[in-house]
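Data first, discussion second: the structure below is written as structure tokens.
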Amino acid sequence: MSQLKVYNSLTRQKEVFESITPGHVGMYVCGPTVSGESHLGHARPYITFDVLYRYLTHLGYKVRYVRNITDAGHFEEEGREAEDKISKKAVLEKLEPMELVQKYTNLFHWAMDQFNTVPPSIEPTATGHIVEQIGMIQEIIKAGYAYEVNGSVYFDVKKYAASHDYGKLSGRVIDDLLETTRELEGQEEKRDRADFALWKSAAPEHIMRWQSPWGVGFPGWHIECSAMATKYLGAQFDIHGGGMDLQFPHHESEIAQSTICNHTAPVRYWMHNNMITINGKKMGKSYNNVIKLTELFSGDHPILEKAYHPMTVRFFILQTQYRSTLDFGNEALQAAEKGLKRLMEAHEWLAKYEIGSTKYEAKDKSLDEKALQLIAEFDEFMNDDLNTAKVLASMFELVPVINGLKDKHIAADALSSNTIQLLQTKLKLYIEDIFGLKSISGEDSGRFNAVMQILIELRKDAKSKKDFVTSDKIRNQLAELGIQLKDEKDGGMSYSL
RNA sequence: GGUCCUGUGGCCGAGUGGCUAGGCAGAGCUCUGCAAAAGCUCCUACAGCGGUUCGAAUCCGCUCGGGACCUCCA
């Protein structure tokens, strides 16, 4: 089997993945800022890295997956007034900051559950790691790479850049950063424009505040990830993931901080997912085109023609390679919805298919070989930087084979018993365990199914008596409820929701 | 302004030198009481212009278009 290769943003090329500690993987993914509701954009990284987590686990690694919750609130420097996103919203909504943070954290967890993502091994909060962050800042000051001004602490980028490659990850040229003509206000404390805050002194109205060696304040917006990643994954760990938009300055600064503090580059493989766009534009607050996940699932948004099931969205995201932009649209989502249904129905039928205990050889050698080839491609494409799009394409080429077996169009022994068994195993592995896809029809309980079987029998009886009024009545009324009856080739009948 | 990415058939998207992914939509056929489902077949694209090459969607140059980051952002 081929080896897993991943695209490393740091080196700008695909590299064979080798973990630092054999058998173990440390993976950190930048989590959400819970100052507001999660939106469609959040779905991409957490689903992408969920699949990576599942895949690494499948490969036999013991993975420690750390994904933080940013609940401390980052300061914004719009114009001159520094303010905390979370504390500002809290005033507007008349909530305690932690109450607000809890609300959106819960909502985030709910959405992630809808997407069937596996919870991370550790989900640390920024507010729970103030001590660690302060400790790290002290280390950086001691090393001479940070300075204090009026109760705030800034990282000295110029000094760091003199001996380190600041900008390596994001392709930034340090001189451009230092000599940019653009002037922002409220930065007079910094020695240099490129410097970034490690600790900010809190104004009196700032609700989220902690005591520190430099006075009352709050942590800068890059330090939390460095502190928590170091604490739970060590000075050097395998994978750091996040959205491409975080590459600069967030991840670049993370590297700088951690490198000074731990005397080593923190991350072996930096992985960045691309953005979701809407009509070609990145989704973001500044574009006013944000679709919240609750709106996506309910269809309650002007852009949406209908509600989309979380599994449809998950499948939609996996239909493209994670480093490409993904353009959102109703037509594309509806295509994904139908495609997912066809794939899942074929998979579910095959999963229940009984091969019997007697082994047999393939009657149709070329079809058998083709199937084996397509199955082998699952691993091959997955190892090529998680090309889930190609894996799905191979699966879809197998769907007509499965449906052929189902309607007897393809002989039961066309494929060898071993091939069918392998297909069952691999499809289950990839669809359910690695891709985390579930059937959309959630009401398929035993009792519901039993009721459906009664209706199916009634329709079959009516049909055999050529009582088409009754048989059509059953079919059409069920259709109105969104339940589709399907007559099959061999006289059987099934339904789908 | 600086740095970088990108332009594929009606829509979404794979694809880094030759063997013309895949999904959805559309057309025809088979099956069927009708319909749906399913199967088979068809629709064979790569922004434009040059260049390199036996051969380019794929490499190089230019033009035009789109986008990202540089500021909170997944």
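Quick caveat: nothing in here was measured; it's all calculated off a predicted structure. Here is how names work: the chains are called A, B, and so on, in the same order as the sequence lines, proteins then strands, and each is numbered from 1.
- Between B:C12 and A:Asn330, no contact under 4.0 Å exists linking OP1 or OP2 to a side-chain N or O.
- Backbone-only contact: A:Gln321 has heavy atoms under 4.0 Å from sugar-phosphate atoms and none from a base.
- Proximity of a side-chain donor or acceptor of A:Asn330 to a complementary backbone N or O of A:Leu304 within less than 3.5 Å is not detected.
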Only pairs under 3.5 Å count here: list side-chain donor-acceptor contacts from residues 318-328 of chain A, not counting sequence neighbours, and write none if there are none.
from, atom 1, to, atom 2, distance (Å)
A:Gln321, OE1, A:Arg323, N, 2.9
A:Gln321, NE2, A:Asp385, O, 2.7
A:Gln321, NE2, A:Asp385, OD2, 3.1
A:Tyr322, OH, A:Asp385, OD1, 2.6
A:Tyr322, OH, A:Asp385, OD2, 3.4
A:Arg323, NE, A:Asp385, OD2, 2.8
A:Arg323, NH2, A:Asp385, OD2, 3.1
A:Asp327, OD1, A:Thr277, OG1, 2.6
A:Asp327, OD1, A:Asn279, N, 3.4
A:Asp327, OD1, A:Gly280, N, 3.0

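- Remark on RNA chain B: of its neighbouring residues A:Asp472 and A:Gly41, the 5'-side contact belongs to A:Asp472, judged by nearest-heavy-atom nucleotide.
- Base pairing annotation: B:U3 forms a Watson-Crick or G-U wobble pair with B:A68, both donor-acceptor distances under 3.5 Å.
- If you check every strand for non-hydrogen atoms under 4.0 Å, A:Gly329 touches nothing.
- A:Gln247 comes within 4.0 angstrom of nothing in the nucleic acid, heavy atoms only.
- Among the heavy atoms of the strands lying under 4.0 Å from A:Gly171 are primed sugar atoms or P, OP1, OP2 only; no base atom is included.
- Pair assignment for B:A38 gives B:U30, based on Watson-Crick or G-U wobble hydrogen-bonding distances that are each under 3.5 Å.
- Where A:Ser170 and A:Asp384 each meet RNA chain B at their nearest nucleotide, the meeting point lying more 5' is that of A:Ser170.
- Using a 4.0 Å heavy-atom criterion, one finds that A:Ile410 contacts no nucleic acid atom at all.
- Considering only side-chain N and O atoms, A:Ser324 lies under 4.0 angstrom from the phosphate OP1 or OP2 of B:A14.
- When distances run from any side-chain atom of A:Ala335 to the nucleotides B:G13, B:G23, B:G33, the shortest one goes to B:G23.
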Just the table, please: protein N/O against nucleotides 45-48 of chain B N/O, every pair under 3.5 Å.
none

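- Among the protein residues, A:Phe316 comes within range of the sugar-phosphate backbone only, with heavy atoms under 4.0 Å from sugar or phosphate atoms but none that close to a base.
- Here A:His42 pairs with A:His39 under the ring pair (Phe, Tyr, Trp, His ring centres under 6.0 Å) rule; sequence neighbours left out.
- Within the 4.5 Å cutoff, the side chain of A:Lys14 has heavy atoms near those of the A:Asp384 side chain.
- Using a 4.0 Å cut-off between charged side-chain N and carboxylate O, A:Asp379 and A:Lys426 make a salt bridge.
- Counting heavy-atom neighbours within 6.0 Å of A:Lys473 NZ, excluding the residue itself, gives a total of 12 or less.
- RNA chain B lies under 4.0 Å from no heavy atom of any residue of residues 304-314 of chain A.
- Note on A:Arg323: every side-chain N or O is 4.0 Å or more away from OP1 and OP2 of B:G15.
- In terms of modelled atom types and a separation under 3.5 Å, the side chain of A:Asp71 and the main chain of A:Ala126 share a donor-acceptor contact.
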Atom pairs, protein N/O to nucleotides 26-29 of chain B N/O, distance under 3.5 Å:
none

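- Scored by the ring pair (Phe, Tyr, Trp, His ring centres under 6.0 Å) test, A:His347 finds no partners at all (sequence neighbours excluded).
- Residue A:Thr33 has no polar side-chain atom (N or O) positioned under 4.0 Å from OP1 or OP2 of B:C72.
- Distance from the side chain of A:Thr320 is smallest to B:A14 among B:C70, B:A14, B:C34.
- With sequence neighbours left out, the ring pair (Phe, Tyr, Trp, His ring centres under 6.0 Å) criterion links A:Tyr46 to A:Phe108.
- Comparing B:G33, B:C70, B:C24 by their nearest atom to the side chain of A:Ser471 picks out B:G33.
- Between A:Lys338 and B:A25 there is a side-chain polar atom (N or O) within less than 4.0 angstrom of OP1 or OP2.
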Side-chain atoms of residues 390-401 of chain A: list all donor-acceptor pairs with protein atoms under 3.5 Å, sequence neighbours left out, distances to 0.1 Å.
from, atom 1, to, atom 2, distance (Å)
A:Ser394, OG, A:Glu377, OE1, 2.7
A:Ser394, OG, A:Lys390, O, 3.3

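- Look at the C1' atom in both B:G50 and B:G10: the space between them is 31 Å, to the nearest Å.
- Taking atom C1' on both B:U52 and B:G9, the two are 28 Å apart, rounded to the nearest angstrom.
- Nucleic acid contact for A:Phe468: base, since at least one base atom lies under 4.0 Å from a heavy atom of the residue.
- Nucleotides B:A57 and B:G15 have their C1' atoms positioned 9 Å apart, rounded to a whole Å.
- Using a 4.0 Å heavy-atom cutoff across all strands shown, A:His272 reaches no nucleic acid atom at all.
- Counting heavy atoms from C-beta on, the side chains of A:Ile431 and A:Phe315 never come closer than 4.5 Å.
- The side chain to side chain contact (heavy atoms under 4.5 Å, CB included) check on A:Arg172 picks up A:Ser170, A:Leu177, A:Phe248, with sequence neighbours excluded.
- Across B:G22, B:U71, B:C34, the shortest atom-to-atom separation from the side chain of A:Ala393 is found for B:G22.
- The local environment of NZ in A:Lys168 is sparse, with at most 12 non-hydrogen atoms from other residues, nucleotides or ligands closer than 6.0 Å.
- Taking atom P on both B:C46 and B:G33, the two are 45 Å apart, rounded to the nearest angstrom.
- The stacking criteria are not both satisfied for A:Phe396 over the base of B:G23, which would need a centre-to-centre distance under 5.5 angstrom and an angle between ring planes under 30 degrees.
- The pairing partner recorded for B:U44 is none, the criterion being a Watson-Crick or G-U wobble arrangement whose two distances lie under 3.5 angstrom.
- Between A:Ala411 and A:Leu405, the shortest heavy-atom distance links the atoms O-CD2, 3.4 Å.
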Can you give me the N/O atom pairs linking the protein to nucleotides 5-10 of chain B at distances under 3.5 Å, or say none if there are none?
none

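- Closest approach to the A:Ala332 side chain among B:C12, B:A74, B:G23 is made by B:C12 (side chain taken as heavy atoms from C-beta onward).
- Among the heavy atoms of the strands, none lies under 4.0 Å from A:Met244.
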Nucleic acid footprint by protein, nucleotides 36-44 of chain B - heavy-atom cut-off 4.0 Å, B for base, S for sugar-phosphate alone: BBBSS----

From CA spacing to verdict: side chain to side chain donor-acceptor pair (under 3.5 Å), A:Asp192, A:Tyr154: CA-CA 10 Å; A:Asp192 201 285; A:Tyr154 297 96; over 6 Å; no

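- Under the 30°/60° scheme for interplanar angles, the aromatic rings of A:His240 and A:His251 are found to stand perpendicular.
- Look at the P atom in both B:G7 and B:C24: the space between them is 24 Å, to the nearest Å.
- For the side-chain hydrogen bond (donor to acceptor under 3.5 Å, both in side chains) test, no residue two or more places apart in sequence or in another chain qualifies with A:Thr388.
- Nucleotides B:C49 and B:A56 place their C1' atoms 15 Å apart, quoted to the nearest Å.
- Contact detail for A:Ala412 and A:Ile420: the closest heavy-atom pair is O-CD1, 4.0 Å.
- Listed here is the closest heavy atom pair of A:Arg209 and A:Ala203: NH1-O, 2.9 Å.
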